[in-house]
There are 2 protein chains.
Amino acid sequence: MTVPARVRRGAIGVFDSGVGGLTVAAALSRALPREHILYLGDTARLPYGTKSEQTVARYTQTNVDFLAGRGVKAVVVACNTASALALPHLVTDLPVWGVIEPGARRAAEVTRGRVGILATESTVRSGAYARALHARRADLEVLSQPCPLLVPLVEEGWFDDPVTRQVVERYLAPLLEREVDTLVLGCTHYPLLAPLIAEFAGPGITLVDSAAAVAAEVAAGLAGAGLAATVRQGEDHVCVTDVGERFERLAREILQRPTRLELVDLGETEREGVR
Amino acid sequence: MTVPARVRRGAIGVFDSGVGGLTVAAALSRALPREHILYLGDTARLPYGTKSEQTVARYTQTNVDFLAGRGVKAVVVACNTASALALPHLVTDLPVWGVIEPGARRAAEVTRGRVGILATESTVRSGAYARALHARRADLEVLSQPCPLLVPLVEEGWFDDPVTRQVVERYLAPLLEREVDTLVLGCTHYPLLAPLIAEFAGPGITLVDSAAAVAAEVAAGLAGAGLAATVRQGEDHVCVTDVGERFERLAREILQRPTRLELVDLGETEREGVR
């Protein structure tokens, strides 16, 4: 398959409602060091995890349209809620990866039979992980736990804090009682709490973070489609729809370096779309 | 002053980013039993409390335009963040009340000299309460505490919970150490935590909830402008920009009755505005 060099040189577009998807962007950079990444954090409209399918689908479409307008060659939906709710509605010509399928595939590979899902309310309500897991192994038992306070706790920076410990312990309790052997971190913010979650889960439970699984699938997919960059491309770039210190603080925590942000207005994109 | 009966019969438009402003709507209903209220909860774009001045100003304008389009006779911005950040930018012919000025006036009346403000990050950063208090009494000492976890905890329904107790205790500690004598509940969600806050504050500290103060000012203002309804108007009505059980659950908690919701699309309003 032949693809023009111009297209191969395009960035991989990655978006999330906020800063959490940078955990996926970081995994992509590790797996694909030649590619450059254009990241969009839709911070003006976050969080997605408490919003309806219709609203999350509309937001996802404007985000993908924005990235397409910037000339990306592929899109990674680095938000579990958007992957769960919006991918079936998305209209685009670009190759697109979500985070649910790769995470579910990895969990189905490692589990001994009982999988716990930690996710936002909307992701849990969608049933997307259970469907993806059962499509691979119909015998699996899947238990889901909505964890609406974990994103605000991460955003507050209380990674290892007595309050966060109690909240994690409470959310994990029903899953541990049912003796899950695998826990899916079903929100891109949760890897920042992985040490705490692992501590309460104990050594007998495998944690699955979609980020590495997604990166591997994107690498294989780009290579298969002749879209992989052959030489090191430009620097990564981060856009946000609202300014704020929180994003910068957490981006530094995730990427381990300071990041310059470009403020963009998707409202304009959305309005242009109907002219 | 003569105002057409048609205008006097209009609703009072009230908006908040979410469900919290219903604490203000409830106070308005108690103070003005003849008026009917059109409430808008901008749940598709909540929360406002972590977002920038520019973004909150844009959201506030679309909300007020929506309420004006529905024929309200006045608007109450029942959101501290929007009152703090967006009122100076708002373009409208309607009389508008925010919640900061009435809350600050009440606090300035009752304090012995040292006022603590509990609010969202954006409200604290705006300095709006400190300005409003100092405009009334330049001698006041004003101490502010951002409380980003209180809204998620209220939304989770953990009103009296060990986790919420610790978070409240931690947020109050620096204010109690500085011996404030008055505490302003500077976010419309916080009245739902008033019993817990009062318990930690102790009997020597006066809690100020803007809702009652706003209702009194709106009542006086409508009467002064000849805009008060003279006979009981229609039923109150609640619009939301996104559907969700959380809103219904908390609305029942605040209004002590079930509430029917109308789903509205402000994106359309916004787009029509630029045609």
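A, B, ... follow the sequence lines: proteins, then strands. Residue 1 opens every chain. For clarity, every value in this text was computed on a predicted model and none was experimentally measured.
Counting only distance, with no hydrogens or angles, the side chain of B:Lys51 and the backbone of A:Val243 share no donor-acceptor pair below 3.5 Å.
Only the side chain of B:Gln54 comes within contact range of chain A, judged by heavy atoms closer than 4.5 Å. Residue contact with chain B, scored on non-hydrogen atoms closer than 4.5 Å, involves the backbone and the side chain of A:Pro47 alike. For B:Leu263, the part lying near chain A is the side chain, with the backbone staying farther off; criterion is any non-hydrogen pair under 4.5 Å.
Using a cut-off of 4.0 Å between Lys/Arg side-chain N and Asp/Glu carboxylate O, B:Arg58 and A:Asp242 are scored as not salt-bridged.
Proximity to chain B among residues 245-258 of chain A is limited to A:Glu245, A:Arg246, judged by heavy-atom separations below 4.5 angstrom. Identified by a heavy-atom distance below 4.5 Å to chain B, contributing residues of residues 75-90 of chain A are lacking entirely. Of residues 119-128 of chain A, those residues lying under 4.5 Å from chain B by any heavy-atom pair are A:Glu121, A:Arg125.
Inter-residue side-chain proximity for B:Pro162 and A:Arg170 is flagged as met; some heavy-atom pair is nearer than 4.5 Å.
Among A:Val167, A:Val151, A:Asp161, A:Thr241, the residue with the largest count of heavy-atom pairs under 4.5 Å with chain B is A:Asp161.
Applying the 6.0 Å contact sphere to CD of A:Glu177 captures no more than 12 heavy atoms from other residues, nucleotides or ligands. Within 6.0 Å of CD on A:Glu179 lie no more than 12 heavy atoms contributed by other residues, nucleotides or ligands.
Residues that satisfy the side chain to side chain donor-acceptor pair (under 3.5 Å) test with B:Tyr48, not counting sequence neighbours, are B:Asp42, B:Asn63.
For the atom pair CG of A:Leu153 and CG of B:Leu153, the computed distance is 7.5 Å after rounding to the nearest 0.5 Å.
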